[in-house]
Asks: 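Please see the structure below; I have some questions.
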Amino acid sequence: MFELPKLPYAYDALEPFIDAKTMEIHYAKHHQTYVTKLNEALDKMPALKNKTLLELLGNLSAIPEEVRNAVRNHGGGHHNHSLFWTSMSGPSGRISEPAGQLAKAITENFGGFTKFRDNFTDAAAKLFGSGWAWLVSDQSGKLTIITTPNQDSPLSQGLEPLLGLDVWEHAYYLKYQNRRPDYIAAWWNVVNWSDVSGRFKV
Ligand code: MN3
């Protein structure tokens, strides 16, 4: 059975950029629901129960049709949010710019960190409806910025998610209402590049 991972900081750790109430509802209610519903779907398909999220999401066409959408939505929701929480941190220990190989790759692929950040911000702001903006790498280590609708995971496109931004309204509405660009601008302050850089394997 999949379980809600422990949040690596307190609900108020990301204040004032992301408020404690949003974090509490987002983690304890929204993320928990994805986990619960993923488990409910897998209860109907015991053959899938030993598979990892990567195995499930990395080959959706192999999932029986009866539960495929549930695995895609709730398995994706579980994986996306697990990555989202660890990609952020409170001020202590937070590294505010990429380091090492990832810093080098961002410069090579986007022409510098500022350009990367502007492109990512633009993609997240323009994404219509609910979904995610991502920094992903392919098998060769090439980096791109993509968006996915709903809870679709980059894993289902054979891409490795390094950094993801949740732009569902539930991620920001309490504090920012319809001002998604303000939420995105604030979010950059809490990205923990040490975690993101650690995911990049060339
Ligand atoms: Mn969310």
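Small disclaimer: the values here were computed from a predicted structure and weren't measured. Note: hydrogens, waters and symmetry copies are ignored here, and every other heavy atom, side chains too, is used.
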Asks: Can you check side-chain contact (heavy atoms from CB on, under 4.5 Å) on Asn192 and Thr86, steps first, answer last?
Replies: CA-CA 8 Å; Asn192 182 14; Thr86 64; over 6 Å; no

Asks: Looking only at atom types and distance, does a side-chain atom of Glu55 sit under 3.5 Å from a main-chain N or O of Thr52, one as donor and one as acceptor?
Replies: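 Yes.
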
Asks: Where is the tightest heavy-atom contact between Phe116 and Ile106, given as atom of each residue plus distance?
Replies: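 Where Phe116 meets Ile106 most closely, the heavy atoms are CB-CG2, 3.8 Å.
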
Asks: Run the side-chain contact (heavy atoms from CB on, under 4.5 Å) test on Leu38 and Leu53 for me, step by step, so that the C-alpha distance in whole Å, both residues' side-chain angles and the decisive distance to 0.1 Å come before the verdict.
Replies: CA-CA 10 Å; Leu38 173 61; Leu53 273 180; 3.9 Å; yes

Asks: Would you mind reporting whether Leu56 and Phe2 have side-chain heavy atoms less than 4.5 Å apart?
Replies: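 SC-SC contact between Phe2 and Leu56 confirmed.
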
Asks: Ring-plane angle category for His26 and Phe84, please: parallel below 30°, perpendicular beyond 60°, tilted otherwise.
Replies: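 Correct class here is tilted.
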
Asks: With a 4.5 Å limit on heavy-atom distance, are the side chains of Gln157 and Ile146 in contact?
Replies: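 Counting from C-beta outward, Gln157 and Ile146 do come under 4.5 Å.
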
Asks: Assess, by modelled atom type and distance only, whether the side chains of Arg199 and Ser87 contain a donor and an acceptor separated by less than 3.5 Å.
Replies: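 Their side chains do contain a donor-acceptor pair, which is all the 3.5 Å distance test asks for.
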
Asks: Is the Tyr34 ring parallel, tilted or perpendicular to the His74 ring (thresholds 30°, 60°)?
Replies: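 Tilted.
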
Asks: Please report the interatomic distance CD(Glu160) to CG(Leu143), rounded to the nearest 0.5 Å.
Replies: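 Between atom CD of Glu160 and atom CG of Leu143 there are 11.5 Å.
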
Asks: About how many Å separate NZ of Lys175 and CD1 of Ile18, when rounded to the nearest 0.5 Å?
Replies: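 Answer rounded to 0.5 Å: 9.5 Å.
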
Asks: Do Leu174 and Tyr11 belong together in a cluster built from hydrophobic side chains that touch within less than 4.5 Å?
Replies: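 They do not share one cluster, since no chain of ILVMFWY contacts under 4.5 Å joins Leu174 to Tyr11.
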
Asks: Would you mind telling me which of Glu3, His31, Lys37 makes a side chain to side chain donor-acceptor pair (under 3.5 Å) with His78?
Replies: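 Result for side chain to side chain donor-acceptor pair (under 3.5 Å) with His78: His31.
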
Asks: Can you measure from CG (Asn150) to CG (Asn69) and round to the nearest 0.5 angstrom?
Replies: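 One finds 10.0 Å between CG of Asn150 and CG of Asn69.
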
Asks: When you measure from the side chain of Asp138 to the backbone of Ser140, do you find a donor-acceptor pair of N or O atoms at a distance under 3.5 Å?
Replies: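 Here the side-chain-to-backbone pair exists.
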
Asks: Output every pair passing side chain to side chain donor-acceptor pair (under 3.5 Å) with a member in residues 88-97, not counting sequence neighbours, ordered by first then second residue.
Replies: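 Side chain to side chain donor-acceptor pair (under 3.5 Å) check on residues 88-97 returns no pairs.
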
Asks: Answer yes or no: are there more than 12 heavy-atom neighbours, outside Lys126 itself, under 6.0 Å from its atom NZ?
Replies: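 No - once you tally the heavy atoms of other residues, nucleotides and ligands closer than 6.0 Å, there are 12 at most.
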
Asks: What distance separates Thr144 OG1 from Leu162 CG, expressed to the nearest 0.5 Å?
Replies: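 Spacing of OG1 (Thr144) from CG (Leu162) equals 9.0 Å.
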
Asks: Rounded to the nearest 0.5 Å, what separates atom CG in Asn109 from atom NZ in Lys104?
Replies: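 If we round to the nearest 0.5 Å, Asn109:CG and Lys104:NZ are 11.0 Å apart.
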
Asks: Out of curiosity, Asp182 CG to Phe17 CZ, how far, rounded to the nearest 0.5 Å?
Replies: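 Reported value, rounded in 0.5 Å steps: 13.0 Å.
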
Asks: Which atom names give the shortest non-hydrogen contact between Ala103 and Pro98, and what distance separates them?
Replies: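 Nearest heavy atoms, Ala103 then Pro98: CB-O, 3.6 Å.
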
Asks: Can you give the donor-acceptor pairs under 3.5 Å from side chains of residues 129-136 to other protein atoms, not counting sequence neighbours?
Replies:
residue: Trp132; atom: NE1; partner: Gln151; partner atom: OE1; Å: 2.8
residue: Trp134; atom: NE1; partner: Thr148; partner atom: OG1; Å: 2.9

Asks: Should Ile184 and Ile145 be counted in the same cluster of Ile, Leu, Val, Met, Phe, Trp and Tyr side chains packed under 4.5 Å apart?
Replies: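 Yes; Ile145 is reachable from Ile184 via cluster members.
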
Asks: Aromatic contact between His81 and Trp168, with the criterion being ring centroids under 6.0 Å apart: yes or no?
Replies: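 Not close enough - the centres of the two rings lie 6.0 Å or further apart.
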
Asks: Looking only at the side chains, is there a donor atom on one of Asp195 and Ser197 sitting less than 3.5 Å from an acceptor on the other?
Replies: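 Result is no, nothing qualifies.
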
Asks: Going only through I, L, V, M, F, W and Y residues with side-chain contacts under 4.5 Å, is there a path from Tyr172 to Ile25?
Replies: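 Not linked; separate clusters.
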
Asks: Evaluate the side-chain proximity of Ser156 to Arg72: yes if any heavy-atom separation is below 4.5 Å, no if none is.
Replies: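 Heavy-atom side-chain distance check fails, nothing below 4.5 Å.
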
Asks: Report the residues that fulfil side chain to side chain donor-acceptor pair (under 3.5 Å) with Thr22, sequence neighbours left out, ordered by chain and then residue number.
Replies: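 Here the qualifying residues are Asp19.
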
Asks: Look at the side-chain heavy atoms of Ile, Leu, Val, Met, Phe, Trp and Tyr, link any pair under 4.5 Å apart, and say whether Met88 and Tyr173 land in one connected group.
Replies: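 The answer is no; the residues belong to distinct hydrophobic clusters.
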
Asks: Dump the intermediate steps for side-chain contact (heavy atoms from CB on, under 4.5 Å) on Leu7 and Met23, then the final yes or no.
Replies: CA-CA 10 Å; Leu7 196 65; Met23 284 300 296; 4.3 Å; yes

Asks: Please confirm whether the ring centroid of Trp187 lies under 6.0 Å from the ring centroid of Tyr176.
Replies: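 Distance test on ring centres: not under 6.0 Å, no.
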
Asks: For the backbone of Gln139 and the side chain of Lys142, can you confirm whether one donor and one acceptor N or O come within less than 3.5 Å of each other?
Replies: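 Absent.
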
Asks: What pair of heavy atoms forms the shortest contact from Leu42 to Lys49, and how long is it?
Replies: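 Between these two residues, the closest heavy atoms are O-CE, 3.6 Å.
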
Asks: Could you tell me whether a side-chain N or O of Asn189 sits under 3.5 Å from a main-chain N or O of Ala186, the two making a donor and an acceptor?
Replies: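 A pair under 3.5 Å: yes.
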
Asks: For Ile95 versus Ser194, what's the shortest heavy-atom pair and its separation?
Replies: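 Taking every non-hydrogen atom into account, CD1-CB, 3.4 Å.
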
Asks: Mind listing the closest non-hydrogen atom pair of Leu83 and Gly164 along with its distance?
Replies: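 Heavy-atom minimum between the residues: CD2-N, 3.8 Å.
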
Asks: Using every non-hydrogen atom in the two residues, find where Pro154 and Asn80 come nearest and quote the distance to one decimal.
Replies: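 Result for this residue pair: CD-OD1, 4.4 Å.
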
Asks: Closer than 3.5 angstrom, by distance alone: can the side chain of Arg180 be matched with the main-chain N or O of Ala124 as a donor-acceptor pair?
Replies: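 Checked: pair present.
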
Asks: Applying side-chain contact (heavy atoms from CB on, under 4.5 Å) to Val35 and Gln32, what does each step give before you reach the verdict?
Replies: CA-CA 5 Å; Val35 173; Gln32 179 64 65; 4.2 Å; yes

